[in-house]
Colleague: 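One structure, as structure tokens, below. Some questions next.
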Amino acid sequence: MAAVHVAVWDDRDRVGGGRAPTASRASVTPAAAPPALFIHNIFTWGSDSTYGFAGQRPLADSRRLLLMDRRGYGDSPDTARSDFDVDAEDVVEVLGAEASAAGPGGAHLVGHGNGAVAALIAAARRPDLVRSLALVQPSAFTAAAHHPVVADLLDRVRDGAPGIPDGVTPEQYLRASTEGLGMAMPEPTSRRLRAVATSMRERPVWEAEIPLEAIRGAALPVLVICGTWERAPAAYREHVGLPLMAVAESLTDSLGGRLLRVPGYYPHTQEPAAVNAALREFWG
């Protein structure tokens, strides 16, 4: 049994409401479609509609979607400190369990932000369990350390950028991270605040060693999805958007992948139709 919670969405039995298949689906056997495993970012959980993958639910009409809650998030158990290496091991465990249940062949892997870092590490450790790798604005900064805007970010954080002051509550941190940057703050429910508290304790992603050579060697198909950030608040775009765009471009080049740019700064929640269409095409 996996150490983390995994929500399963499978709407194939409801497709068409019992009607005959359309021409676009007539040649497809839904039961044979490999599943997809989604790994979320900070402040959220797998099925969350604000920052998670609720907008990808339509993809469950053709395959099983597995939405993993990282430790300390959603319905997974608490953790003293969230860690991308531990998350990667959990991803491998979920992939292995899926292979045991559904047979060999692997699953499509989708990661967002810090979840994409875990997905990259997991794919390098067990490429035999992964059919493809889709990275939504991956926070894999060390993989693009040569890029000036990323190098500046890494210099700031490694030289002792201010951490979270003692006494700051999860609600205060959530407000500063959203309204403080010119964005709307989501409702501070207990579920949201637990996710924020876990995010405040996450191991910094700039400590991650991204195994690019192992992923290249596995010849996995790679899709990188990035926002254009033109509508983002200026401070958010400067401090977060520019480095993330640089990482997306660098990973695309390093892994021989395809880069999809969509409007906005949260691609899968702000432009779910475009992202879902790209994933359908990518998965084949």
Side-chain angles (χ1 to χ4, degrees), residues 2-4 6 34-42 46 66 68 70-73 79 81-99 104-151 153-155 157-158 199 202-226 243-260 279 282-283:
V4 292
V6 180
L37 173 60
F38 291 76
I39 317 299
H40 63 83
N41 196 17
I42 61 172
L66 312 174
M68 188 186 104
R70 296 193 287 130
R71 298 183 188 220
Y73 295 92
T79 181
R81 191 188 195 202
S82 181
D83 188 309
F84 46 80
D85 276 323
V86 175
D87 290 337
E89 282 302 308
D90 289 335
V91 171
V92 168
E93 183 178 357
V94 172
L95 290 170
E98 182 66 20
H108 300 290
L109 193 53
V110 183
H112 171 220
N114 290 14
V117 173
L120 283 160
I121 296 171
R125 291 178 181 174
R126 289 296 306 271
D128 57 305
L129 297 177
V130 179
R131 284 180 174 265
S132 71
L133 192 56
L135 309 169
V136 183
Q137 291 193 159
S139 304
F141 298 112
T142 54
H146 60 281
H147 195 290
V149 70
V150 178
L153 169 67
L154 293 174
D155 286 343
V157 296
R158 287 169 173 166
S199 301
E202 280 214 6
R203 181 182 175 190
V205 287
W206 53 84
E207 294 182 3
E209 297 289 339
I210 308 299
L212 295 177
E213 186 173 345
I215 298 171
R216 282 195 296 266
L220 293 173
V222 175
L223 172 66
V224 183
I225 302 173
C226 186
L244 284 176
M245 287 189 284
V247 170
E249 294 167 1
S250 179
L251 278 178
T252 302
D253 292 340
S254 297
L255 299 177
R258 171 189 160 209
L259 177 62
L260 172 69
L279 288 173
F282 179 56
W283 294 336

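What you see below is based on every heavy atom in this structure, not just the backbone, and it leaves out hydrogens, waters and symmetry mates.
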Colleague: Got a sec, which residues hit side chain to side chain donor-acceptor pair (under 3.5 Å) with Thr142, two or more places apart in sequence or on another chain?
Modeller: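 Partners of Thr142 by the side chain to side chain donor-acceptor pair (under 3.5 Å) criterion come out as none, since no residue qualifies.
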Colleague: How many angstroms lie between atom CD of Glu98 and atom CD of Glu93, to the nearest 0.5 angstrom?
Modeller: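 Rounded to the nearest 0.5 Å, the CD-CD separation comes to 13.0 Å.
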Colleague: Is there a side-chain contact between Val222 and Thr252 in this structure, where contact means two heavy atoms from C-beta onward sitting under 4.5 Å apart?
Modeller: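 No, their side chains stay 4.5 Å or more apart.
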Colleague: Quick one: closest heavy-atom pair of Leu220 and Pro127, and the distance?
Modeller: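 Nearest heavy atoms, Leu220 then Pro127: CD2-O, 4.1 Å.
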Colleague: Just to verify, what does Glu249 make a side chain to side chain donor-acceptor pair (under 3.5 Å) with, not counting sequence neighbours?
Modeller: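 Glu249 satisfies side chain to side chain donor-acceptor pair (under 3.5 Å) with Arg261 once adjacent residues are dropped.
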Colleague: For residues Ile121 and Pro211, determine if any side-chain heavy atom of one lies less than 4.5 Å from a side-chain heavy atom of the other.
Modeller: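 Yes; the side chains approach each other to less than 4.5 Å.
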Colleague: Among all residues two or more places apart in sequence or in another chain, which pass the ring-ring contact (aromatic ring centres under 6.0 Å, His included) test with Trp283?
Modeller: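 Trp283 satisfies ring-ring contact (aromatic ring centres under 6.0 Å, His included) with His108 only.
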Colleague: Below 4.5 Å, heavy atoms only, C-beta onward: do Pro138 and Val117 meet side chain to side chain?
Modeller: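 The answer is no, as the side chains (C-beta and beyond) never meet within the 4.5 Å cut-off.
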Colleague: With rounding to the nearest 0.5 angstrom, report the CD1 to CG distance, Ile39 to Asp90.
Modeller: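 Rounded to the nearest 0.5 Å, the CD1-CG separation comes out at 9.0 Å.
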Colleague: With respect to Val224, which candidate in Leu260, Leu255, Leu259 satisfies the side-chain contact (heavy atoms from CB on, under 4.5 Å) definition?
Modeller: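 Answer after filtering Leu260, Leu255, Leu259: Leu259.
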Colleague: Looking at residues at least two apart in the chain, or sitting in another chain, which of them share a side-chain contact (heavy atoms from CB on, under 4.5 Å) with Ala119?
Modeller: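 Listed in chain order: Leu109, Leu133.
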Colleague: Let me see the working for Leu37 and Val110 under side-chain contact (heavy atoms from CB on, under 4.5 Å), right down to the final yes or no.
Modeller: CA-CA 6 Å; Leu37 173 60; Val110 183; over 6 Å; no
Colleague: Just to verify, what does Arg125 make a salt bridge (Lys or Arg N to Asp or Glu O under 4.0 Å) with, not counting sequence neighbours?
Modeller: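 Listed in chain order: Asp85, Glu89.
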Colleague: Test of understanding: with side-chain contact (heavy atoms from CB on, under 4.5 Å), list the residues that count as partners of Ala145, not counting sequence neighbours.
Modeller: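 In terms of side-chain contact (heavy atoms from CB on, under 4.5 Å), with neighbours along the sequence ignored, Ala145 is linked to Leu154.
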Colleague: Output all residues satisfying ring-ring contact (aromatic ring centres under 6.0 Å, His included) with Phe84, sequence neighbours left out; order by chain, then residue number.
Modeller: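 Here no residue qualifies.
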Colleague: I'd like to know if Asp128 and Arg126 make a salt bridge, using a cut-off of under 4.0 Å between side-chain N and carboxylate O.
Modeller: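 Looking at Asp128 and Arg126, the cut-off is met.
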Colleague: Is it true that a side-chain atom of Arg131 and a backbone atom of Gly106 form a donor plus acceptor pair closer than 3.5 Å?
Modeller: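 Yes; judged by distance alone, with no hydrogens or angles, the pair exists.
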Colleague: With no hydrogens and no angle check, just 3.5 Å: does a side-chain donor-acceptor pair link Tyr73 and Ser82?
Modeller: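 Checked: Tyr73/Ser82 side chains show no N/O donor-acceptor pair below 3.5 Å.
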Colleague: With Ser254, which residues qualify under side chain to side chain donor-acceptor pair (under 3.5 Å), at least two apart?
Modeller: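 For Ser254 there are no side chain to side chain donor-acceptor pair (under 3.5 Å) partners, ignoring immediate neighbours.
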Colleague: Verify side-chain contact (heavy atoms from CB on, under 4.5 Å) between Glu202 and Ile42, making sure each step is shown before the conclusion.
Modeller: CA-CA 9 Å; Glu202 280 214 6; Ile42 61 172; 3.8 Å; yes
Colleague: Do the side chains of Gln137 and Ile225 get nearer than 4.5 Å, heavy atoms only?
Modeller: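 The answer is no; the side chains never approach within 4.5 Å.
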Colleague: Name all residues meeting the side chain to side chain donor-acceptor pair (under 3.5 Å) criterion together with Asn41; count only those two or more places apart in sequence or in a different chain, and write none if there are none.
Modeller: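 Result, side chain to side chain donor-acceptor pair (under 3.5 Å) vs Asn41: none returned.
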Colleague: Is there side-chain contact between Leu120 and Leu251, with heavy atoms separated by less than 4.5 Å?
Modeller: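 Heavy-atom side-chain distance check passes, below 4.5 Å.
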Colleague: Which pairs with one or both residues in residues 129-148 pass ring-ring contact (aromatic ring centres under 6.0 Å, His included), sequence neighbours excluded?
Modeller: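 Not a single pair qualifies under ring-ring contact (aromatic ring centres under 6.0 Å, His included).
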Colleague: With His112, which residues qualify under ring-ring contact (aromatic ring centres under 6.0 Å, His included), at least two apart?
Modeller: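 Only Tyr266, His268 meet the ring-ring contact (aromatic ring centres under 6.0 Å, His included) criterion with His112.
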Colleague: Mind jotting down which residue pairs meet the side chain to side chain donor-acceptor pair (under 3.5 Å) criterion with at least one end in residues 212-221? Sequence neighbours excluded, please.
Modeller: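 Output for this query is empty, none listed.
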